[in-house]
Amino acid sequence: MAAPMSAHERPSWRALATAASSSASASLRASTAARISSSKTTAAKVAALDQPFDVLRTILEAGDAVHARAALRQLLQVSEFGADTVESMPLRFFNQEYADKIRAQNDLVDG
């Protein structure tokens, strides 16, 4: 069993409160970043689903992944992360049922 801490070794209440506040703040920042990331991902998918043939043609004509991402960014007006999200979408997600689901999800996020 560990020896009890002396008063000198124990953290002060202020130090504990600061650490707790810092941890809560970091958690809030992470949660906000996740929501923003999810919103951008959904928006990028909707942009791709609005012009599926152009997206597929762009990827096929790009030649490699780096050029495909750059071309998708320009075509869809999305970030690097958004272009990567679109590039990694399975082809089965371009069906109407999935497109409607993603559009509804995007409307919830924007509304």
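- Atom CG of D54 and atom CD of E61 lie 9.5 Å apart (nearest 0.5 Å).
- More than 12 heavy atoms of other residues, nucleotides or ligands lie within 6.0 Å of CD in E80, so this atom counts as buried by the packing criterion.
- Annotation for P52 and F94: closest pair CB-CD2, 3.5 Å, computed over non-hydrogen atoms.
- Using a 4.5 Å cut-off on side-chain heavy atoms (C-beta onward), Y98 and K45 make contact.
- For N95, there are no side chain to side chain donor-acceptor pair (under 3.5 Å) partners, not counting sequence neighbours.
- Here the OG1-CE distance, from T41 to M89, works out to 11.0 Å after rounding to the nearest 0.5 Å.
- Here the shortest heavy-atom pairing between V86 and A44 reads CG2-O, 3.4 Å.
- The CD1 atom of I102 sits 12.0 Å away from the CG atom of D50 when rounded to the nearest 0.5 Å.
- Closest heavy-atom contact between H67 and A62: CB-O, 3.5 Å.
- Taking CG of N106 as the reference point, atom OG of S39 lies at 6.5 Å (rounded to 0.5 Å).
- Formation of a donor-acceptor pair under 3.5 Å by the R69 side chain with backbone atoms of G82 is not found in this model.
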- Dump the intermediate steps for side-chain contact (heavy atoms from CB on, under 4.5 Å) on L76 and T58, then the final yes or no. CA-CA 11 Å; L76 303 173; T58 298; over 6 Å; no

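- Within the model, atoms CG of D100 and CG of L49 stand 9.5 Å from one another, a figure rounded to the nearest 0.5 Å.
- Note that the CD atom of Q51 and the CZ atom of R57 stand 10.0 Å from one another [nearest 0.5 Å].
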